[in-house]
Protein chains: 2
Amino acid sequence: MRQDNRLPRVLHALLHLSDMKDPATSEQLAGMLNTNAAVVRRTMAGLRDRGILTSIKGHGGGWQLARPLEKITLAEIYQALGAPTLFALGCGDEESQCLMEKAANTATARALQLASETFITALSSVTMADLAVDFEKRLAELGLSPDNLHHFADQHH
Amino acid sequence: MRQDNRLPRVLHALLHLSDMKDPATSEQLAGMLNTNAAVVRRTMAGLRDRGILTSIKGHGGGWQLARPLEKITLAEIYQALGAPTLFALGCGDEESQCLMEKAANTATARALQLASETFITALSSVTMADLAVDFEKRLAELGLSPDNLHHFADQHH
DNA sequence: GAGTCACGTAACATTAAAAGTTACATGATT
DNA sequence: AATCATGTAACTTTTAATGTTACGTGACTC
């Protein structure tokens, strides 16, 4: 499989959305994320279905946050993306009849399961608001005031 | 990327090797693993370089364990495979200049890093001997004596 | 209410990495 | 010298994300 970058991409998009008053079109977001509008729609669809985003058609339409950043955990976003396969590693054929293969597969699956739980737990403990704080810190480190210079932080504009 | 099943496949192969007195040829292992001899050679090459296996050319040659199962951890095998990418998920473009994207990527990378550490730790705590014990248990559960019925456990034969 | 904007979605092409396959060179044994 | 088995390169296949194009539908403006 190719590498799945939807999670960081969506986080990135949500941060931009939180910074905008008006709805952002798929076209605008695609520009910020260096991708295609259809990809944005496809990727964001799950977040809309989960009530994280709203989408509005027609003039002045686009994407908006449906909730404050504090109430959106990264784990929920991961779920909204369909909880895509975390691992590039597989644990072998589940239906094998060879007991040696079963032992091998079980051991692999166990390690992957533990890693998966760690991943979900880590995502659960972080909200989008935490990311926004991280962003503000990065801004401040560059000596920029968070109040009036947000747009400088975004190289896309 | 496609799913990487090398780790469970190698574990499976090592269990079979531990059960054989004579070296097993790539052809034989390929039969047990339902794959191709060239794949076996390619996959096992890293284990040979790490001193986990020895390979012998010519008549009566093939693959053998270079150490007792107790002294082979799953983590070492994973390393011997080149520590292939664990995750199907990426953490975005590392070189982005957008501070929002950096915040998003960092958060994703952090969760992946924790998961990765859990995975390696889990692999480190298990040796091939543990897998052999697991195999014996599975044999016993089927009501078979471990002493003289090993070959029944392997559906390949 | 016609035109335009923006989402919704399907269909197809592209891409990346493991895995499968084929072929042949090299070394070891008989 | 013949045969066996590894070592390795080159190429094809596979799979899921991603990129792309196209068109339908709803919503707003005039």
Side-chain angles (χ1 to χ4, degrees), chain A residues 1-10 12-13 17 20 22-31 33-49 52-64 66 78 81-93 108, chain B residues 1-10 12-13 17 20 22-49 53-64 66 78 81-93 108:
Chain A
M1 149 201 359
R2 205 164 143 194
Q3 199 163 32
D4 181 349
N5 278 302
R6 282 177 294 177
L7 180 59
R9 178 171 282 176
V10 167
H12 183 190
L17 281 179
M20 306 176 74
D22 299 325
T25 67
S26 301
E27 210 69 57
Q28 291 175 310
L29 287 173
L33 304 180
N34 289 312
T35 183
N36 187 287
V39 173
V40 171
R41 294 192 194 108
R42 201 189 326 177
T43 307
M44 303 296 226
L47 304 224
R48 182 194 53 228
D49 298 342
I52 298 171
L53 294 177
T54 57
S55 61
I56 305 169
K57 289 183 174 181
H59 263 286
W63 299 88
Q64 270 182 323
Y78 177 67
L81 289 174
T85 310
L86 224 197
F87 299 106
L89 266 63
C91 55
D93 174 15
T108 306
Chain B
M1 145 201 7
R2 204 165 145 194
Q3 199 164 29
D4 181 349
N5 278 303
R6 282 177 293 177
L7 180 58
R9 177 170 283 175
V10 167
H12 183 189
L17 281 179
M20 307 176 74
D22 298 326
T25 67
S26 302
E27 210 70 56
Q28 291 175 309
L29 287 173
M32 296 172 179
L33 304 180
N34 288 311
T35 183
N36 186 286
V39 174
V40 171
R41 294 192 194 110
R42 203 186 335 183
T43 307
M44 303 296 226
L47 305 224
R48 181 195 54 227
D49 297 342
L53 294 176
T54 57
S55 61
I56 304 170
K57 290 184 175 181
H59 265 285
W63 299 87
Q64 271 183 321
Y78 177 67
L81 289 174
T85 310
L86 223 196
F87 300 107
L89 268 63
C91 55
D93 175 15
T108 306

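Numbered from 1 within each chain, the chains take letters A, B, ... in sequence-line order.
- The phosphate of C:dG8 has OP1 or OP2 within less than 4.0 Å of a side-chain N or O from A:Arg48.
- In this structure, CG of B:Asn36 is placed 17 Å from P of C:dA18, rounded to the nearest angstrom.
- Between D:dG19 and A:Thr35, a contact under 4.0 Å exists linking OP1 or OP2 to a side-chain N or O.
- When rounded to the nearest whole Å, the span between CZ of A:Arg41 and P of D:dT18 equals 17 Å.
- Atom CG in A:Leu53 sits roughly 17 Å away from atom P in C:dA6 (whole-Å rounding).
- Position along DNA chain D of the nearest nucleotide to B:Trp63 versus A:Thr43 favours B:Trp63 as the more 5'-ward residue.
- Distance, B:Arg42 CZ to D:dT8 P: 12 Å, rounded to whole Å.
- Take the nearest nucleotide of DNA chain C for A:Gly60 and for A:Ala45: the residue whose nucleotide is more 5' is A:Gly60.
- Within the 4.0 Å cut-off from OP1 or OP2 of C:dA6, not a single side-chain nitrogen or oxygen of A:Ser26 is found.
- Atom-to-atom, CG of B:Asp22 to P of D:dT6 comes out at 13 Å; the value is rounded to the nearest Å.
- Rounded to whole Å, the distance from CG on B:Leu33 to C1' on C:dT21 is 17 Å.
- Rounded to an integer number of Å, the gap from CD of A:Gln28 to C1' of C:dA6 is 11 Å.
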